[in-house]
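The structure appears right after this line, and notes come after that.
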Amino acid sequence: MEKVDIKSFTEEQLRGYIETIGEKSFRGSQVFKWIYKGIKDFDDMNNIPAPLRQKLAQNAYIDNIQIDKKLVSKIDQTRKYLFRLMDGNIIESVMMKYKHGVSACISTQVGCRMGCSFCASTVDGMERNLTASEMLDQIIGIQEDTGERVSNVVMMGSGEPLDNFEETVKFLRAVNDKNGLNIGYRHITLSTCGIVPKIYDLADMEIPINLAISLHAVDDTSRKRIMPIAKAYSIEEVLDACRYYVEKTNRRITFEYAIIQGVNDSEKEALALSKLLKGILSHVNIIPVNKIDEKDYKRPSKEGVERFSGILSKHGINATVRREMGSDINGACGQLRKRNISG
């Protein structure tokens, strides 16, 4: 019989599983708490009876990922991790320190199949989805390595979270659990390139996380050149889904705009973006594009970025320029993993 990944269960599911193997359900809550203390072996759960520990070892496993490589920025203490999964695949995560606490940027897939032309994560395609436990383990691994509690989670590493919807939702439930990592939904941001049906599904669940939409263009023709997903869903369809999300959750939407010199950085495009977003509870995060060896995209000048941001602000659109973190350690998503698997 195939062993089950016990860390993929919510607390309620684990209580139910424990009953199916002939034990009292409260033992499931005890096991759940041990898992989120970072325990890697059932024998270390010292308030669990030995017969149950043996039964668990026979029927289940605690999925654990290992740090394969770690880079620490000399500039801002950002840490970039390559984690090796049990099947040998490699993913990456980033730890960033801010005044308000420690943030973890995690991956949701091994690679990505969305094909966004400015992103290193998608160059080699997608290998597979991550499980909820593999997402959780990135946070647990960062906490164990740093000795600090992660207070904010950004689902903005490699992969498209809504392309791995079931495991992503399972992760959100578990990471928020008071007996799990106990991270508030309002401290979690999910970044998506805009899979419209799943935005509606997520909104209907009324999980009040922060939603970030990768927009990156102001018209469908331009967006299709940058993002293949635009061939499936128009900008207006994405914005309609965003309005619905705001209505259901009362959460502000962040629109990510990777600004590329000569592609989407003109005054005309800034004005068009202002018009598109008018009336939507939103914020624009302007991201000066990172250089990718396979693409000929160039980062606009600092003055050009500030001019673009200023036009948005002038027309009533809240906008900020993303602060670059870990620039000396390949901090952008996908860069380090790609160099590792290619080298």
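- Members clustered with Met126: none, using a 4.5 Å side-chain heavy-atom cutoff among hydrophobic residues.
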Kindly determine whether Asp240 and Arg243 satisfy salt bridge (charged side-chain N to carboxylate O under 4.0 Å, His left out), including the steps that lead there.
-> CA-CA 5 Å; Asp240 283 344; Arg243 293 183 185 97; 2.8 Å; yes
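- Ion pairing between Arg113 and Glu160 fails under the 4.0 Å rule for side-chain N and carboxylate O.
- The ring pair (Phe, Tyr, Trp, His ring centres under 6.0 Å) pairs that include a residue from residues 185-221 are Phe118-His216, Tyr200-Tyr244, where partners are two or more places apart or lie in different chains.
- Applying the salt bridge (Lys or Arg N to Asp or Glu O under 4.0 Å) test between Glu134 and each of Arg84, Arg128, Lys170 identifies Arg128 as the sole match.
- A salt bridge links Glu92 with Lys80: the distance from a Lys NZ or Arg NE/NH1/NH2 to an Asp or Glu carboxylate oxygen falls below 4.0 Å.
- Using a cut-off of 4.0 Å between Lys/Arg side-chain N and Asp/Glu carboxylate O, Arg173 and Glu11 are scored as not salt-bridged.
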Residue pair Leu52, Leu56: steps toward the side-chain contact (heavy atoms from CB on, under 4.5 Å) verdict = CA-CA 6 Å; Leu52 175 54; Leu56 287 170; 4.0 Å; yes
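- Aromatic ring pairs are classed by plane angle as parallel below 30°, tilted from 30° to 60° and perpendicular above 60°; the pair Tyr98 and His100 is parallel.
- A cation-pi arrangement, defined by a distance under 6.0 Å to the six-membered ring centre and an angle within 45 degrees of its axis, is present between Lys198 and Phe165.
- Side chain of Ser8 to backbone of Asp5: a donor-acceptor contact under 3.5 angstrom is found.
- Remark: side-chain polar atoms of Glu206 are not paired, donor with acceptor, to backbone N or O of Thr249 under 3.5 angstrom.
- Not one N or O on the side chain of Asn179 forms a donor-acceptor pair closer than 3.5 Å with the backbone of Lys33.
- Between Ser214 and Glu256, the side chains place a donor N or O and an acceptor N or O closer than 3.5 Å (distance only, hydrogens not considered).
- The main-chain N or O of Ile21 is found under 3.5 Å from a side-chain atom of Lys55 such that the two form a donor-acceptor pair.
- Within the 3.5 Å criterion, the main-chain N or O of Lys70 finds no donor-acceptor partner in the side chain of Arg79.
- Side-chain atoms of Trp34 and Asn46 include no donor-acceptor pair closer than 3.5 Å.
- Residues Asn89 and Glu127 bring no donor and acceptor atom of their side chains to less than 3.5 Å of each other.
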